[in-house]
Amino acid sequence: MTPAQYNLLYAIYAWTNAVVVILAGFLIDKLGNRFGVFVFSLMTVLGSSVFALGSHFKGSPYLLPMMLTGRLLFGSGNGSLTIVQNRITAFWFRGKELALAFGLTLSFSRLGSVLNFFFTQQFEAKFGMQWTLWGGTLLCVLGFVSALTVSVLDKVGMKQLGLDGVIQQESKKVRIQDIQRLPLRYWLLVLTIMFFYNGVFPFVADASKFIQDKYSGYSQQAAAYIAGAVYDSSLVLSAAAGILIDYVGLRGVFAVGCAALTLPVFALLAFTFVPPLVSTIWLGITYSFAAASMWPSIPLVVPQATLGTAMGLATSVQMVGVGLSNLVVGHVLGTKSSELKIPLWRWQQMMIFMLANTVACIVASVSLNIVDKKQGATLNGTRKGAALERGDGSPAEAAPLLRGETGNGGS
Ligand SMILES: C[C@H](N)C(=O)N[C@@H](CCCCN)C(=O)O
């Protein structure tokens with residue numbers, strides 16, 4: 001397989017994901033969590049099976065089409081599954097440990113990446129590529145079984161609360177035009193998320209090469225470990241960040257703070273020779289707090305009935321932003337060979353582009369705070385403060401469970 005074909009396997013995953021999540025979010029709102037959990041986890045099993053099967057056609061013209069089809073199915077299923085996961089999490093943890101629940105899902109997804117990083121290569125060396133790919137399929141089957149278990153628990157819980165019928169009634173009313181009714185705070189959150197990730201994901205993708213090109217004395221493996229520190233920090237910190245945010249609230253303030261504190265990361269990388277591990281750990285910290293404050297804010301500003309559509313749309317905008325950011329970075333770095341050393345001035349331009357995205361993130365998140373303040377400070381309310389005000393100790397967030405319940409937040 002040529003490098004272009006290999007990269008195509010990644011590109012098809014990202015771009016189909018970006019398109020499919022909008023439709024998937026809408027379908028989940030319309031047809032329910034159980035439909036989404038079943039269909040999309042089955043798609044990941046099918047996709048990984050087709051991909052693994054494709055590896056048996058090495059040297060034949062079927063190899064690439066089969067692997068591309070596998071990635072397409074897997075990408076569509078996996079991205080959509082995240083939307084159902086968020087929708088179920090938001091339903092059960094709204095007004096409680098929402099940021100912790102989101103943080104834990106993030107930690108587990110990072111754990112998957114870290115385990116993959118450490119073990120897949122060894123597994124492949126011992127058992128060969130085909131068994132490794134079928135091992136991946138087996139993991140997807142385990143995911144499918146877990147998804148079915150969640151589905152049953154969700155149904156039982158809904159029945160116990162007597163909410164099953166109500167939610168189904170609300171789902172029937174969901175229309176694609178509801179996108180127009182998503183509040184301004186939602187769109188500002190989407191921009192905040194997009195600009196933040198525009199800096200993080202494309203940087204991490206190129207960080208290993210950057211470290212080798214700019215700093216002396218780093219082997220390829222050492223550079224990869226240092227780049228990976230962004231995600232390692234997030235694995236360790238995401239849950240703790242969630243606990244803190246659930247306790248103090250101030251999600252909008254955290255969003256601005258994380259963006260502002262990310263500026264020095266790119267400035268250090270662009271203009272100094274401070275060891276890169278300082279920057280990657282620092283970025284890991286701001287990224288963990290940003291993810292734990294930004295994503296769980298979405299369920300607080302949109303009704304549960306349209307949450308799938310809202311999450312799908314936010315993910316899509318984020319992925320399109322990151323995809324475009326990758327293209328800009330590729331253009332700025334201007335080389336097709338991973339062997340050649342890229343001149344430092346080009347890396348500096350890339351970091352300046354990252355800084356520009358971070359500044360845009362600050363502008364979007366400051367605007368978010370201003371609008372949130374005018375509309376009742378749902379995002380910035382502190383849990384403790386709100387409980388004291390009501391004197392009942394009940395959850396702080398105005399939980400917009402059904403449509404039309406968002407109050408001034410729905411404007
Ligand atoms: C890759 C995916 N679009 C993504 O950005 N995931 C976030 C977490 C998203 C949680 C809510 N969907 C990440 O930081 O990995």
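Ligands are counted one by one from 1 in listed order, and the atoms in each one are counted from 1 as well.
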_Validation row, ring centre Phe144 to ring centre Phe38 under 6.0 Å_ = yes
Requested in this report: May I ask you to check whether Phe119 and Phe123 place their ring centres under 6.0 Å from each other?
Outcome: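 Here the rings of Phe119 and Phe123 have centres that are no less than 6.0 Å from each other.
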* Asked: Within a strict 4.5 Å, meaning less than it, do heavy atoms of the Met354 and Pro202 side chains meet?
  ->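 A side-chain contact under 4.5 Å exists here.
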Residues Asp372 and Arg185 bridged, charged N to O under 4.0 Å = yes
Tabulate distances under 3.5 Å between N/O atoms of ligand 1 and N/O atoms of the protein, writing both atom names on each line.
| from | atom 1 | to | atom 2 | distance (Å) |
| --- | --- | --- | --- | --- |
| ligand 1 | 3 (N) | Gln318 | OE1 | 3.0 |
| ligand 1 | 5 (O) | Gln318 | OE1 | 3.4 |
| ligand 1 | 5 (O) | Gln318 | NE2 | 2.5 |
| ligand 1 | 12 (N) | Asn86 | OD1 | 2.8 |
| ligand 1 | 14 (O) | Tyr197 | OH | 2.7 |
| ligand 1 | 14 (O) | Tyr287 | OH | 2.5 |
| ligand 1 | 15 (O) | Arg110 | NH2 | 2.7 |
| ligand 1 | 15 (O) | Tyr287 | OH | 3.4 |

Quiz item: Tell me the ring pair (Phe, Tyr, Trp, His ring centres under 6.0 Å) pairs involving residues 346-366, sequence neighbours left out?
Solution: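 Counting only pairs at least two positions apart or across chains, the ring pair (Phe, Tyr, Trp, His ring centres under 6.0 Å) contacts touching residues 346-366 are Phe210-Trp347.
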* With respect to Arg87, which candidate in Asp154, Asn33, Thr309 satisfies the side chain to side chain donor-acceptor pair (under 3.5 Å) definition? ->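 Between Arg87 and the candidates, side chain to side chain donor-acceptor pair (under 3.5 Å) is satisfied uniquely by Asn33.
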